[in-house]
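One structure is given below, encoded as structure tokens.
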Amino acid sequence: MTKRQEEIQQLEELDKKHFLHPTTSIKEQQEAGPAFIFQKGKGIYLKDIKGTTLIDGVSSLWNVNVGHGRKELANAAKAQMTKLAFTSCFNTFSNEPAIRLAQKMADLTPEPLTAAFFTSGGSEANDTAYKLARHYWLLKGQPERKKIISRTKSYHGVSMGATSATGLQGFREFTKSLAPDFHFVDHFDTGALRRLIEAEGPETIAAIIAEPVQGAGGVHVAPKDYFKEVKDICTQYGILLITDEVITGFGRTGKWFGMEHYGVTPDMMCFAKGITSGYVQLGGVMISEQIHNDLKKFSSGTLLHGYTYSGHAMACAVGLKNIELIEKENLVENARARGEQLLEGLEWIKSERKIVSAVRGLGLMAALDFVDQNQQPFQPPVSPFIFKEAAKLGLICRAVTLNAQDTIVLAPPLIISKEETEKIIHILKEAIKIVELNYYN
């Protein structure tokens, strides 16, 4: 065994002994160790410690929008850190990157979203939105408005409030001690939404939260008029609409923000992930001018909500540079064009491989569903096997099996080229072929 092999083996053992991985099978980790120990990224590619190179077909966690290895972002972080890495934004303290990024977000997001509250990520952003919505109704003299309605197959994070709002039941079953006043409705049934509101009492509902495209739940794209109907219901009953753009923001769907596809503007919009392309932790909530004005009008004491890193100077500087790259390189349009190509390629796979039952997507978010030869669900699901075969062939994708789904999802970096998109399509087709032949022969 070479010295390098010994080092790799040591790292694998240390991983099993000391690193409790997020969203990971502990049993699998302990039996097989880490699947990959990545050490380098460039463009849409990742390279592990053993020299294996793979296409990052899901932008790691839907977030590396401008691709790996961008020195511009490293330089922006260094420049800000050497000047002012961090200072608190409590007690009206501020810093220039946070102010500039708040202004930029107001410019980018649809009117009337005008003010930003910064967090460290998506879970914190969603928790912030629930708390701000409830606090808003307290200030407006309607303290009974505290219920939050979410949707089935939704994912809103894993902090306590975010977990409680997540429609994927497995996440809620992780702990039986959930936050109160969260309710769920079928993800595309506006009739069911109206019935739930009437049953609970409109005067008790603070807000509805929804992803423009459900990401971790399996890339479910809403019907054309769904969100207009939801907005009309919110307007009728005086309920706030919160959109979770943590995955769909910053060009992922072929527009700056996913809700732009539906012509609907929310009262609050949560964001994270793509704002820094994952180079540093940052998220937040945009609130409407009306909500901001009411907070200014009715709030008399301290807004008792804030995180240590809200408005982190270095993170905000990286966010500004990342948005500049997305604009300069026309990545929103590239996501639209390459997304159309990807979807067309997945439809081709469906025509060639009989276990593929459905294809869907919007921009650079796409999914394939699988059924057996009798059009019945596979037992066990095949998507985890396709995921493993694709990795062997050099492609990282994602398998979704929660809520009785059997789905492979893709969300490559927005910098992806036409040739690289074609490569993903062909690798995935081959992985599906291998699994299909194993099942049917």
Discussion item. Is the distance from the ring center of His261 to that of Phe227 below 6.0 Å?
Written reply: no
Worksheet item: Under 3.5 Å, is there a donor-acceptor pair between the side chain of Lys153 and the main chain of Gly218?
Response: no
Item to complete: Measure across Gly258 and Glu245 and return the closest heavy-atom pair with its distance rounded to 0.1 Å.
Response: N-OE1, 2.7 Å
Worksheet item: When rounded to the nearest 0.5 angstrom, what is the spacing between NE2 in His18 and CG in Leu14?
Response: 5.5 Å
Worksheet entry | Which atom of Gly167 lies closest to which atom of Ser154, heavy atoms considered | N-OG, 2.8 Å
Worksheet item: Distance-only, no hydrogens or angles: does the Ser150 side chain make a donor-acceptor pair with backbone N or O of Ala165 under 3.5 Å?
Response: yes
Discussion item. If the threshold is 4.0 Å, N to carboxylate O, is there a salt bridge linking Arg336 and Glu340?
Written reply: yes
Discussion item. Just verifying a value: how many Å separate Glu12 CD and Ile49 CD1, rounded to the nearest 0.5 Å?
Written reply: 8.5 Å
Practice prompt. Answer yes or no: is there a side-chain heavy-atom contact under 4.5 Å between Leu346 and Leu428?
Written response: yes
Item to complete: For the pair Ile425 and Leu342, evaluate side-chain contact (heavy atoms from CB on, under 4.5 Å) and give the outcome as yes or no after the intermediate values.
Response: CA-CA 7 Å; Ile425 293 164; Leu342 180 60; 4.1 Å; yes
Worksheet entry | Closest heavy-atom pair and its distance - Ser164, Ala179 | OG-N, 2.9 Å
Worksheet item: Are the side chain of Arg172 and the backbone N or O of Ser177 linked by a donor-acceptor pair below 3.5 Å?
Response: no
Practice prompt. Taking atom types as modelled, find out whether Ser59 and Asn63 have a side-chain donor-acceptor pair closer than 3.5 angstrom.
Written response: no
Worksheet item: So, Phe182 versus Tyr130, ring centres under 6.0 angstrom or not?
Response: yes
Worksheet item: Has the side chain of Asn65 got a donor or acceptor atom that lies under 3.5 Å from a matching backbone atom of Ser277?
Response: no
Worksheet entry | Flag side-chain contact, heavy atom, 4.5 Å: Gln376 against Val371 | no
Worksheet item: With distance as the sole criterion, is a donor-acceptor pair present between the side chains of Asp127 and His156 under 3.5 Å?
Response: no
Fill in: Check: Tyr226 ring centre within less than 6.0 Å of Tyr262 ring centre
no
Response to the item:
Rounded to the nearest 0.5 angstrom, the CG-CD1 distance for Leu193 and Ile149 is 5.5 Å
Discussion item. In this structure, is the centre-to-centre distance between the rings of Tyr307 and Tyr309 below 6.0 Å?
Written reply: no
Practice prompt. Taking all heavy atoms of Pro266 and all of Thr243, pick out the closest pair and write down the distance.
Written response: CG-OG1, 3.2 Å
Discussion item. So for atom CZ, which belongs to Phe184, do other residues, nucleotides or ligands contribute more than 12 heavy atoms lying within a distance under 6.0 Å?
Written reply: yes
Fill in: Pairwise distance CG(Leu402) to OG1(Thr166) - rounded to 0.5 angstrom
10.5 Å
Item to complete: Report yes if the side chains of Lys104 and Ile99 come closer than 4.5 Å at any heavy-atom pair, otherwise no.
Response: no
Discussion item. I'd like to know if Glu6 pairs up with Lys3 as an ion pair, taking the criterion as any Lys NZ or Arg NE/NH1/NH2 lying under 4.0 Å from an Asp or Glu carboxylate oxygen.
Written reply: no
Worksheet item: Is the side chain of Glu124 donor-acceptor paired with the backbone N or O of Ser120 at a distance under 3.5 Å, no angle test?
Response: yes
Worksheet item: Hey, are Lys255 and Glu333 close enough for a salt bridge, meaning a charged N less than 4.0 Å from a carboxylate O?
Response: no
Discussion item. Please determine whether the number of non-hydrogen atoms from other residues, nucleotides or ligands lying under 6.0 Å from atom CD of Glu344 exceeds 12.
Written reply: no
Discussion item. Is any side-chain heavy atom of His426 closer than 4.5 Å to one of Trp348?
Written reply: yes
Item to complete: Decide side-chain contact (heavy atoms from CB on, under 4.5 Å) for Phe38 and Ile396; before the verdict, give the C-alpha distance in whole Å, the side-chain angles of both, and the deciding distance to 0.1 Å.
Response: CA-CA 12 Å; Phe38 291 115; Ile396 300 170; 3.7 Å; yes
Worksheet item: Does the side chain of Pro412 reach to within under 4.5 Å of the side chain of Ile424, using non-hydrogen atoms?
Response: yes
Fill in: Thr265 to Pro110 - nearest heavy-atom pair and separation
OG1-CB, 3.8 Å
Worksheet item: Can you tell me if Glu31 uses its side chain to pair, donor with acceptor, with the backbone of Glu28 under 3.5 Å?
Response: no
Practice prompt. Please say whether more than 12 non-hydrogen atoms of neighbouring residues, nucleotides or ligands are located less than 6.0 Å from CZ in Phe174.
Written response: no
Worksheet item: Would you say Thr24's side chain and Ile26's backbone share a donor-acceptor pair under 3.5 angstrom?
Response: no
Discussion item. Salt bridge or not between Glu96 and Arg100? Use side-chain N to carboxylate O under 4.0 Å.
Written reply: yes
Worksheet entry | Lys392/Glu430 ion pair, N-O < 4.0 Å | no
Discussion item. Between Val64 and Lys273, is there a side-chain heavy-atom distance shorter than 4.5 Å?
Written reply: no
Worksheet entry | N/O donor-acceptor pair under 3.5 Å between Thr53 side chain and Lys47 backbone | no
Response to the item:
CG of Leu364 to CG of Leu414, rounded to nearest 0.5 Å, is 6.0 Å
Worksheet entry | Residue among Leu368, Asp369, Thr401 satisfying side-chain contact (heavy atoms from CB on, under 4.5 Å) with Ser383 | Thr401
Worksheet item: Minimum heavy-atom separation for Glu211 to Tyr155, with atom names?
Response: OE1-N, 3.1 Å
Practice prompt. Spell out, as yes or no, whether a donor-acceptor pair under 3.5 Å connects the side chain of Asp186 to the backbone of Phe188.
Written response: yes
Worksheet item: With ring centroids as reference points, do His220 and His187 lie under 6.0 angstrom apart?
Response: yes
Item to complete: Establish, from distance only, whether the side-chain atoms of Gln169 and Asn403 form a donor-acceptor pair under 3.5 Å.
Response: no
Discussion item. Tell me whether Lys321 is salt-bridged to Glu72, with the criterion being a basic N under 4.0 Å from an acidic carboxylate O.
Written reply: no
Worksheet item: Rounded to the nearest 0.5 Å, how far does OG1 of Thr163 lie from CD of Glu173?
Response: 12.5 Å
Practice prompt. Using distance alone, with no hydrogens and no angle criterion, decide if His305 and Thr128 have a side-chain donor and acceptor under 3.5 Å apart.
Written response: yes
Fill in: Heavy-atom side-chain proximity of Thr109 to Met269 below 4.5 angstrom
yes
Discussion item. Checking Thr114 against Glu289: is there a side-chain donor and acceptor pair closer than 3.5 Å?
Written reply: no
Worksheet item: Could you go step by step and tell me if Asp15 and His21 meet the side chain to side chain donor-acceptor pair (under 3.5 Å) rule?
Response: CA-CA 9 Å; Asp15 184 278; His21 285 242; 2.9 Å; yes
Item to complete: Before giving the answer on salt bridge (charged side-chain N to carboxylate O under 4.0 Å, His left out), spell out for Glu347 and Lys350 the whole-Å C-alpha distance, their side-chain angles and the decisive distance to 0.1 Å.
Response: CA-CA 5 Å; Glu347 289 287 358; Lys350 180 175 179 290; 5.1 Å; no
Worksheet item: Any side-chain heavy atom of Ile242 sitting closer than 4.5 Å to one from Ile208?
Response: no
Item to complete: Report the C-alpha separation of Glu420 and Lys423 in whole Å, then their side-chain angles, then the decisive distance to 0.1 Å, and conclude whether the salt bridge (charged side-chain N to carboxylate O under 4.0 Å, His left out) test is met.
Response: CA-CA 5 Å; Glu420 290 167 336; Lys423 191 173 182 181; over 6 Å; no
Worksheet item: Where the side chain of Glu329 meets the backbone of Ile326, is there a donor-acceptor pair that is under 3.5 Å apart?
Response: no
